[in-house]
Amino acid sequence: MQAMIRRIVFGSAILALSLLLWAEGGAPPAPSPAAAKREAVSVRLPGEAFAAMQTINPDHIRWHVRFLSHDLLEGRGTGQRGGDIAAEYMATQFAEYGLKPAGDNGSYLQKVPLVGITTLPETQFSLLPKQGSAMHLKPLEEYVAYDQTQQEQSDVDAEIVYVGYGIEAPEYNWDDYKGADVRGKVLLMLVNEPPSDDPKFFKAKALTYYGRWTYKYEEAARKGAAGVILIHKEDMASYPWEVVRNSNSGEKSHLKLEGPVLKVASWVQLSVARKLTAASGMDLEKMMADARTREFHPVSLGAKLKAHMVSSVRHFESNNVLAMLPGSNRNMKDEAVMYTAHYDHLGVRPDMPGDNIYNGAADNATGCGILLELARAFSVAKDRPGRSIIFAAVTAEEQGLLGSEYLGKHPPVPAGKIALDLNYDDVQPLGAPEEVEVSGAERTTFYPWVQAMAKEFRLAIRPDARPEAGHFYRSDHFSLARVGIPAFSINQGMKFKGHNEAWGMAQDKDYTEKHYHQPSDEYRPEMDFVGDGAMARFGFALGWEAASFAKLIGWQKGDEFEAARIKSQ
């Protein structure tokens, strides 16, 4: 760490500030004595790097977003024509910038073998309560379900057991299973995790991976369960039922089978769960309250799930798009800093009347536009950083971070030699930001330099605006973190120039409720990409700095990813 500490160069600091203000259309102010004061941890970038960073143009990002979110790309569905066009577009841009291919066989494309599962209308999903008649649920309206076994047909006729949050976390002295034999059973469980204000207990309000639906499926499968029914409660999930429905209507992609999986991986509406538990002689509100204590034990509902899962199974390949700028230091060029963004979205929903194209302008054509502009800016620099720079546009993020998971397992540079991954996902075009969110950066040894760089850019570091949503576990940097690579996403906060915080919060709420994973996430000419440009410049500076450190970055001692980092090196 000591070798990383650098003295600040006053002229560089002022230039960094001028770049941010250039994006806002203003002129740099005269430096104050406070701005000139030396810091214990500071940043220093060479003039060539600043000159390249100054070429980053918000309009370049705009035009990439306009194209990638056009109706002609049909929502960039994974394994679909529009998604493949987006991948070729990214590869063509990398080639135009003169970057080295880092995919398979000297190409820009890394093939990702996938299996597409579509739940067909012949599927039957019925809850048989202890008392009363069977509940034959309506797909998409009352439930969504997938068969993870990658078989065309599976049948489940099994007892339903309520397991609270479905979490086993020894480090928090928490076990919802209590040794119960759940083999062959269907587990009814809550999303999220036990509420807490204690940072040492499930990280207080910040969601950990234990609260993610992916963990709950994985843990249940490891214990031999036949299926899982997640209860959707909007405030606990942090998104409405429409997001669950739209994310699970149509083909769902998976990597090829590795380890145990579920015959039924499903969600139900809260009203369905209330009706089921009431018909089983139970009170759902009391059940949810009981699940918040360590004394909770699994409870059989005396009910069954009877499901006949009928699926269309499609084996196909999608592609990650990988390019590299070789490093300049012969002792460091075999190591790398990585930038990532996913190019896929939800494609087209044929059964929906009207506009049925999920264009994904914000999510995540913006991240791709930033990734391409970063690649172009690095390519025009008259000098290069010591470590190599990898640019990765990944597939199948919307299918469960599959492209980045495959990349983490098959990186172009060994994971132990990747200093840092900086990810961009859903950077709203809202104008000039006065804050930056880098949730997860504080878990790395790089955080003091992130803080120093934010100060130079006059960006306040905003804590995660919605820690309960678990954003760290919902984007591609998480896949890289799982294999030990220090990784986090860069995004704007809630405060923008000319607006108060309430305005930013309102924009975020409006997007989440009306546009997130909806066909209305479309490009509009009035979008203001100044903030996307600012986030690109901030990430450029961080990446160059990380690529020049004498030592590789690590995770903080005791972090959940520290062991994977040590193992990878």
Test your reading of the model: is there a side-chain donor-acceptor pair from Q399 to the backbone of S253, 3.5 Å cut-off? yes
- Message: What I want to check is whether the side chains of T340 and D421 have a donor and an acceptor closer together than 3.5 Å.
- Response: yes
**Item:** Side-chain ion pair, E171 and K200, N-O less than 4.0 Å
**Value:** no
Query raised in the report: Is there a donor-acceptor contact under 3.5 Å linking the side chains of E193 and T208?
Result: yes
_Assess, by modelled atom type and distance only, whether the side chains of S475 and N423 contain a donor and an acceptor separated by less than 3.5 Å._
yes
**Report entry** Residue pair H232 / E234, side-chain heavy-atom distance below 4.5 Å
**Finding:** yes
Check your understanding: Do Y97 and V380 come close enough that some side-chain heavy atom pair is under 4.5 Å?
Key -> no
Could you tell me whether F378 and F540 have their ring centroids closer than 6.0 angstrom? yes
Going by the angle between their ring planes, with limits at 30° and 60°, are Y108 and F94 parallel, tilted or perpendicular? tilted
Discussion item. Taking N192's backbone N and O only, do any of them form a donor-acceptor pair with K216's side chain (distance below 3.5 Å, no angle check)?
Written reply: yes
- prompt: Should K557 and D559 count as an ion pair when the cut-off is N to O under 4.0 Å?
  reply: no
Smallest heavy-atom separation, A547 atom then I389 atom, equals CB-CD1, 3.8 Å
Side chain proximity check, R462 to K495, heavy atoms < 4.5 angstrom: no
Under 3.5 Å, is there a donor-acceptor pair between the side chain of D197 and the main chain of A204? no
Salt bridge (Lys or Arg N to Asp or Glu O under 4.0 Å) filter on K333, not counting sequence neighbours, yields none
Has K100 got more than 12 heavy atoms of other residues, nucleotides or ligands less than 6.0 Å from its NZ?
no
**Asked** Quick one: does R376's side chain have a donor or acceptor within less than 3.5 Å of a partner on T55's backbone?
**Response** yes
A side-chain contact here means heavy atoms from C-beta on lying under 4.5 Å apart; do L190 and M236 qualify? yes
Value for OG (S489) from CG (L422), rounded to nearest 0.5 Å, stands at 9.0 Å
Review point. Any luck finding a side-chain donor-acceptor pair between D71 and N359 under 3.5 Å?
Key: yes
Quick note, salt bridge (charged side-chain N to carboxylate O under 4.0 Å, His left out) partners involving residues 408-420, not counting sequence neighbours, are E258-K409, E405-K409
- Is a side-chain N or O of N364 found less than 3.5 angstrom from the main chain of H342, in a donor-acceptor match? yes
Rounded to the nearest 0.5 Å, the CD atom of E434 sits from the NE2 atom of H499 at a distance of 10.0 Å
So CG of L99 and CD1 of I390: to nearest 0.5 Å the spacing works out to 11.5 Å
All heavy atoms of Y209 vs all of Y215, minimum pair found to be O-CB, 3.2 Å
Side chain to side chain donor-acceptor pair (under 3.5 Å) pairs touching residues 520-529, sequence neighbours excluded, are R62-Y523, Y511-D521, H515-S520, R524-E526
Under a 3.5 Å threshold, yes or no: a donor from one side chain and an acceptor from the other, between E398 and H345? yes
In short, V243 meets H517 closest at the heavy-atom pair CG1-ND1, 4.1 Å
From CA spacing to verdict: side-chain contact (heavy atoms from CB on, under 4.5 Å), S568, R565:
CA-CA 5 Å; S568 71; R565 184 61 164 173; 4.1 Å; yes
| said: Can you tell me how the ring of F202 sits relative to the ring of W174, calling it parallel under 30°, perpendicular over 60° and tilted otherwise? | reply: perpendicular
dist D84:CG -> N319:CG (nearest 0.5 Å) comes out at 7.0 Å
> With a 4.5 Å heavy-atom cut-off, do P101 and L322 have their side chains touching?
Replying inline: no
Per ring pair (Phe, Tyr, Trp, His ring centres under 6.0 Å), H477 is matched among Y424, F472, F561 by F472
CZ (R474) with more than 12 external heavy atoms under 6.0 Å
yes
Practice item. Flag the pair P46 / W544 as yes when at least one side-chain heavy-atom distance between them is below 4.5 Å, and no otherwise. Key: yes
All heavy atoms of A396 vs all of T78, minimum pair found to be CA-OG1, 3.5 Å
OH of Y210 to CD of E560, rounded to nearest 0.5 Å, is 8.0 Å
*asked:* I'd like to know if the side chain of R387 and the backbone of V337 have a donor-acceptor N/O pair within less than 3.5 Å.
replied: no
Item to complete: Would you confirm whether S69, through its side chain, and A361, through its main-chain N or O, come within 3.5 Å as a donor-acceptor pair?
Response: no
Worked verdict on Y343 versus Y89 for ring pair (Phe, Tyr, Trp, His ring centres under 6.0 Å) | CA-CA 10 Å; Y343 68 82; Y89 177 81; over 10 Å; no
Exercise. Decide yes or no for R443 and F488: does some side-chain heavy atom of the first lie under 4.5 Å from some side-chain heavy atom of the second?
Key: no
Are the side chain of Q518 and the backbone of Y358 linked by a donor-acceptor contact shorter than 3.5 Å? no
Taking side chain as C-beta onward, heavy atoms only, is E335 less than 4.5 Å from V413?
no
| request: Could you check E88 against L109 for side-chain contact (heavy atoms from CB on, under 4.5 Å), going step by step and ending with a plain yes or no? | output: CA-CA 9 Å; E88 290 294 343; L109 304 181; 3.7 Å; yes
On a heavy-atom basis, the closest approach of D532 and P429 is OD1-CA, 3.4 Å
Between L372 and H60, does a side-chain contact (heavy atoms from CB on, under 4.5 Å) hold up when you go through it step by step? CA-CA 9 Å; L372 289 174; H60 294 170; over 6 Å; no
Correct closest heavy-atom pair for N320 and V394 would be OD1-CA, 3.3 Å
Before you tell me yes or no, could you show the steps for T214 and F478 under side-chain contact (heavy atoms from CB on, under 4.5 Å), namely the whole-Å CA-CA distance, both residues' side-chain angles and the distance that decides it to 0.1 Å? CA-CA 12 Å; T214 48; F478 173 54; 5.7 Å; no
Rounded to the nearest 0.5 angstrom, the CG-CG distance for D425 and L371 is 12.0 Å
Looking at W555 and G484, would you say the former's side chain and the latter's main chain have a donor-acceptor pair under 3.5 Å? yes
Give a yes or no on whether the backbone of L346 and the side-chain of D344 come within a donor-acceptor separation of less than 3.5 Å. no
